[in-house]
Amino acid sequence: MQIFLQRVIRAAKLERGLYEEVEADQTAAWQAMGVVILSGLAAGLGTMGQFGGSGRIIGGLFAAIAGWFVWAAMTYWIGTRILPEPQTRADFGELLRTTGFASAPGLLRVFGIVPGITGYVFAAASLWMLIAMVIAVRQALDYRSTGRAVAVCAIGWLIQLIILALTIRAAATDAG
(Lines give C-alpha, C1' and ligand atoms only; values in the text may rest on other atoms or scores of the structure.)
Protein backbone atom coordinates (compact mmCIF):
# COMPACT_ATOMS: atom_id res chain seq x y z
CA MET A 1 0.00 0.00 0.00
CA GLN A 2 2.85 2.37 0.80
CA ILE A 3 4.41 1.82 -2.64
CA PHE A 4 1.05 2.59 -4.25
CA LEU A 5 0.64 5.83 -2.28
CA GLN A 6 4.20 6.88 -3.08
CA ARG A 7 3.57 6.21 -6.76
CA VAL A 8 0.37 8.26 -6.74
CA ILE A 9 2.18 11.18 -5.12
CA ARG A 10 5.09 10.91 -7.55
CA ALA A 11 2.67 10.76 -10.50
CA ALA A 12 0.90 13.89 -9.27
CA LYS A 13 4.30 15.57 -8.85
CA LEU A 14 4.86 14.81 -12.57
CA GLU A 15 8.04 12.80 -11.97
CA ARG A 16 9.15 11.39 -15.30
CA GLY A 17 10.94 8.58 -13.49
CA LEU A 18 7.66 7.34 -12.03
CA TYR A 19 6.15 7.02 -15.50
CA GLU A 20 9.21 5.06 -16.67
CA GLU A 21 8.91 2.88 -13.58
CA VAL A 22 5.24 1.95 -14.10
CA GLU A 23 5.80 1.55 -17.83
CA ALA A 24 8.29 -1.22 -17.06
CA ASP A 25 6.37 -2.75 -14.13
CA GLN A 26 3.84 -5.16 -15.62
CA THR A 27 2.32 -5.69 -12.17
CA ALA A 28 1.37 -1.99 -11.93
CA ALA A 29 -1.76 -2.35 -14.11
CA TRP A 30 -3.95 -2.95 -11.06
CA GLN A 31 -2.41 0.06 -9.34
CA ALA A 32 -3.08 2.17 -12.44
CA MET A 33 -6.70 1.03 -12.37
CA GLY A 34 -6.83 1.95 -8.69
CA VAL A 35 -5.70 5.48 -9.53
CA VAL A 36 -8.39 5.75 -12.22
CA ILE A 37 -11.05 4.48 -9.80
CA LEU A 38 -9.97 6.84 -7.00
CA SER A 39 -9.86 9.75 -9.44
CA GLY A 40 -13.36 8.87 -10.67
CA LEU A 41 -14.64 8.65 -7.09
CA ALA A 42 -13.08 12.02 -6.31
CA ALA A 43 -14.85 13.53 -9.32
CA GLY A 44 -18.15 12.01 -8.28
CA LEU A 45 -17.84 13.22 -4.72
CA GLY A 46 -16.64 16.61 -5.89
CA THR A 47 -19.80 17.16 -7.92
CA MET A 48 -22.30 15.74 -5.43
CA GLY A 49 -23.06 19.21 -4.10
CA GLN A 50 -24.12 20.35 -7.57
CA PHE A 51 -25.59 17.25 -9.12
CA GLY A 52 -26.28 14.99 -6.13
CA GLY A 53 -27.01 11.31 -6.21
CA SER A 54 -24.69 8.40 -5.56
CA GLY A 55 -25.93 6.74 -8.76
CA ARG A 56 -23.92 9.26 -10.72
CA ILE A 57 -20.81 8.16 -8.87
CA ILE A 58 -21.26 4.53 -9.96
CA GLY A 59 -21.96 5.57 -13.55
CA GLY A 60 -19.00 7.91 -13.43
CA LEU A 61 -16.72 5.10 -12.28
CA PHE A 62 -17.72 2.91 -15.19
CA ALA A 63 -17.25 5.86 -17.55
CA ALA A 64 -13.81 6.61 -16.05
CA ILE A 65 -12.61 3.03 -16.48
CA ALA A 66 -14.02 2.73 -20.01
CA GLY A 67 -12.59 6.15 -20.93
CA TRP A 68 -9.19 5.11 -19.61
CA PHE A 69 -9.14 1.96 -21.76
CA VAL A 70 -10.32 3.84 -24.85
CA TRP A 71 -7.86 6.68 -24.26
CA ALA A 72 -4.94 4.27 -23.78
CA ALA A 73 -5.88 2.31 -26.91
CA MET A 74 -6.27 5.45 -28.98
CA THR A 75 -3.00 6.87 -27.67
CA TYR A 76 -1.24 3.59 -28.42
CA TRP A 77 -2.57 3.54 -31.97
CA ILE A 78 -1.83 7.21 -32.71
CA GLY A 79 1.56 7.14 -31.01
CA THR A 80 2.84 3.93 -32.59
CA ARG A 81 1.15 4.04 -36.01
CA ILE A 82 0.67 7.69 -36.95
CA LEU A 83 3.34 9.62 -35.03
CA PRO A 84 6.10 7.21 -33.95
CA GLU A 85 9.68 8.28 -33.57
CA PRO A 86 12.39 5.86 -34.75
CA GLN A 87 12.99 4.60 -31.17
CA THR A 88 9.29 4.22 -30.30
CA ARG A 89 8.67 0.80 -28.80
CA ALA A 90 5.54 0.31 -26.74
CA ASP A 91 2.72 -2.08 -26.06
CA PHE A 92 -0.85 -1.43 -24.95
CA GLY A 93 -0.08 -2.39 -21.35
CA GLU A 94 2.61 0.27 -21.08
CA LEU A 95 0.18 2.95 -22.22
CA LEU A 96 -2.50 1.58 -19.92
CA ARG A 97 -0.23 1.79 -16.89
CA THR A 98 1.25 5.21 -17.57
CA THR A 99 -2.04 6.86 -18.56
CA GLY A 100 -3.73 5.36 -15.51
CA PHE A 101 -1.22 7.01 -13.23
CA ALA A 102 -1.69 10.28 -15.15
CA SER A 103 -5.12 10.40 -13.47
CA ALA A 104 -3.46 11.02 -10.08
CA PRO A 105 -4.03 14.81 -10.09
CA GLY A 106 -7.74 14.04 -10.52
CA LEU A 107 -7.86 13.03 -6.86
CA LEU A 108 -7.99 16.73 -6.05
CA ARG A 109 -11.44 16.93 -7.63
CA VAL A 110 -12.87 15.76 -4.33
CA PHE A 111 -12.40 19.38 -3.16
CA GLY A 112 -15.00 20.40 -5.70
CA ILE A 113 -17.58 19.54 -3.06
CA VAL A 114 -16.86 22.96 -1.52
CA PRO A 115 -19.61 25.27 -2.83
CA GLY A 116 -18.44 27.96 -5.22
CA ILE A 117 -15.11 26.42 -6.21
CA THR A 118 -16.16 23.27 -8.06
CA GLY A 119 -15.47 24.68 -11.51
CA TYR A 120 -12.08 26.04 -10.50
CA VAL A 121 -11.06 22.78 -8.85
CA PHE A 122 -12.11 20.73 -11.86
CA ALA A 123 -10.39 23.10 -14.30
CA ALA A 124 -7.13 23.03 -12.34
CA ALA A 125 -7.24 19.24 -11.92
CA SER A 126 -8.04 18.75 -15.61
CA LEU A 127 -5.11 20.90 -16.71
CA TRP A 128 -2.82 19.09 -14.28
CA MET A 129 -4.06 15.71 -15.57
CA LEU A 130 -3.43 16.84 -19.16
CA ILE A 131 0.16 17.74 -18.32
CA ALA A 132 0.57 14.38 -16.59
CA MET A 133 -0.89 12.67 -19.66
CA VAL A 134 1.66 14.34 -21.94
CA ILE A 135 4.48 13.18 -19.66
CA ALA A 136 3.01 9.66 -19.48
CA VAL A 137 2.70 9.46 -23.26
CA ARG A 138 6.19 10.80 -23.84
CA GLN A 139 7.70 8.27 -21.46
CA ALA A 140 5.63 5.28 -22.59
CA LEU A 141 6.30 5.91 -26.28
CA ASP A 142 9.97 6.72 -25.69
CA TYR A 143 9.65 10.08 -27.42
CA ARG A 144 12.50 12.53 -27.38
CA SER A 145 10.10 15.33 -28.26
CA THR A 146 7.47 16.66 -25.85
CA GLY A 147 5.81 18.31 -28.85
CA ARG A 148 5.10 14.92 -30.37
CA ALA A 149 3.51 13.74 -27.12
CA VAL A 150 1.37 16.89 -27.10
CA ALA A 151 0.33 16.16 -30.69
CA VAL A 152 -0.66 12.57 -29.82
CA CYS A 153 -2.75 13.82 -26.89
CA ALA A 154 -4.33 16.59 -28.99
CA ILE A 155 -5.28 14.20 -31.80
CA GLY A 156 -6.73 11.72 -29.29
CA TRP A 157 -8.66 14.48 -27.55
CA LEU A 158 -10.07 15.70 -30.86
CA ILE A 159 -11.16 12.19 -31.83
CA GLN A 160 -12.86 11.72 -28.44
CA LEU A 161 -14.57 15.09 -28.81
CA ILE A 162 -15.94 14.10 -32.23
CA ILE A 163 -17.14 10.74 -30.88
CA LEU A 164 -18.81 12.48 -27.94
CA ALA A 165 -20.51 15.02 -30.22
CA LEU A 166 -21.78 12.25 -32.51
CA THR A 167 -23.04 10.27 -29.51
CA ILE A 168 -24.87 13.28 -28.11
CA ARG A 169 -26.31 14.04 -31.52
CA ALA A 170 -27.52 10.45 -31.96
CA ALA A 171 -29.05 10.45 -28.47
CA ALA A 172 -30.85 13.74 -29.20
CA THR A 173 -32.14 12.38 -32.49
CA ASP A 174 -33.41 9.20 -30.81
CA ALA A 175 -35.09 11.24 -28.04
CA GLY A 176 -36.78 13.58 -30.51
Side-chain angles (χ1 to χ4, degrees), residues 11-12 14 16 18-20 22-23 28-29 31-44 46-47 51 56-109 112 119 121-176:
L14 308 176
R16 289 187 333 189
L18 173 276
Y19 293 98
E20 286 290 336
V22 297
E23 173 193 7
Q31 289 182 353
M33 181 182 277
V35 177
V36 172
I37 289 169
L38 290 173
S39 181
L41 281 173
T47 59
F51 303 111
R56 290 183 184 258
I57 293 175
I58 302 301
L61 281 178
F62 286 115
I65 293 169
W68 169 50
F69 275 96
V70 169
W71 180 259
M74 199 170 3
T75 303
Y76 172 74
W77 184 76
I78 295 166
T80 61
R81 302 288 190 266
I82 298 175
L83 293 174
E85 287 186 344
Q87 72 283 353
T88 298
R89 302 284 182 271
D91 62 39
F92 178 66
E94 292 170 352
L95 267 295
L96 201 60
R97 293 187 297 274
T98 59
T99 58
F101 273 91
S103 296
L107 295 170
L108 295 176
R109 296 181 292 188
V121 169
F122 273 68
S126 295
L127 180 60
W128 195 347
M129 288 169 64
L130 177 61
I131 294 167
M133 181 63 71
V134 169
I135 293 168
V137 167
R138 181 177 180 189
Q139 298 313 115
L141 296 175
D142 303 313
Y143 285 165
R144 290 193 176 104
S145 163
T146 299
R148 191 171 297 252
V150 169
V152 168
C153 291
I155 292 168
W157 179 80
L158 184 60
I159 291 169
Q160 282 194 329
L161 189 64
I162 291 167
I163 291 169
L164 179 62
L166 292 173
T167 303
I168 290 170
R169 184 174 177 220
T173 303
D174 288 344

Check your understanding: Can you tell me how far the CD1 atom of I131 sits from the SG atom of C153, to the nearest 0.5 Å?
Key -> 11.0 Å
Practice item. Hey, could you give me each pair passing salt bridge (Lys or Arg N to Asp or Glu O under 4.0 Å) that has a residue in residues 59-88? Not counting sequence neighbours. Key: E85-R148
**Study point:** N/O donor-acceptor pair under 3.5 Å between W128 side chain and A12 backbone
**Key:** yes
Point to revise | Flag for Q139-E23: side-chain donor and acceptor within less than 3.5 Å | key: no
Practice item. Kindly give the heavy-atom pair with the smallest separation between R138 and R144, and that separation in Å. Key: NH2-O, 2.6 Å
Exercise for review: I would like to know whether T47 and F122 meet side chain to side chain contact (heavy atoms under 4.5 Å, CB included); could you show each step before the answer?
Suggested key: CA-CA 9 Å; T47 59; F122 273 68; 3.4 Å; yes
Point to revise | Side chain S39, main chain V35, donor-acceptor under 3.5 Å | key: no
Practice item. Apply side chain to side chain contact (heavy atoms under 4.5 Å, CB included) to F69 and M33, showing your working. Key: CA-CA 10 Å; F69 275 96; M33 181 182 277; 4.2 Å; yes
Review point. Roughly how far apart are R169 CZ and T167 OG1, rounded to 0.5 Å?
Key: 11.5 Å
Practice item. Spell out, as yes or no, whether a donor-acceptor pair under 3.5 Å connects the side chain of T99 to the backbone of A72. Key: no
Check your understanding: Is L95 close to W71 at the side-chain level, that is, under 4.5 Å between some pair of heavy atoms?
Key -> no
Review point. If every non-hydrogen atom of G106 is compared with every non-hydrogen atom of A125, which pair is closest and at what distance?
Key: CA-CB, 4.5 Å
**Study point:** Point-to-point distance, once rounded to the nearest 0.5 Å, from OG1 of T173 to CG of L166
**Key:** 10.5 Å
Review point. With sequence neighbours left out, which residue pairs that include part of residues 151-167 fulfil the salt bridge (Lys or Arg N to Asp or Glu O under 4.0 Å) condition?
Key: none
Point to revise | Separation between CD1 of I163 and CG of L158, rounded to the nearest 0.5 Å | key: 10.0 Å
**Study point:** Exercise: identify the closest heavy-atom pair between G79 and Y143
**Key:** O-OH, 2.9 Å
Practice item. Starting from the C-alpha separation in whole Å, work towards a yes-or-no answer on side chain to side chain contact (heavy atoms under 4.5 Å, CB included) for V36 and F101. Key: CA-CA 7 Å; V36 172; F101 273 91; over 6 Å; no
Check your understanding: Counting N and O atoms only, with roles assigned by atom type, does the side chain of Y19 sit under 3.5 Å from a partner on the main chain of V137, one being a donor and the other an acceptor?
Key -> no
Review point. Checking R109 side chain against G46 main chain: does a donor-acceptor pair fall under 3.5 Å?
Key: no
Practice item. Kindly give the heavy-atom pair with the smallest separation between I82 and P84, and that separation in Å. Key: C-CD, 3.3 Å
Point to revise | Under 3.5 Å: donor-acceptor pair, side chain of T98, backbone of A140 | key: no
Point to revise | Shortest non-hydrogen contact from A90 toward T80 | key: CB-CG2, 4.3 Å
Revision key, fill the gap. Note: G40 and L61 closest approach over all heavy atoms is C-CD2, 4.0 Å
Review point. When rounded to the nearest 0.5 angstrom, what is the spacing between CD1 in I155 and CD1 in I159?
Key: 7.0 Å
Exercise for review: Hey, could you give me the CZ/CG distance between R97 and D91, rounded to the nearest 0.5 Å?
Suggested key: 6.0 Å
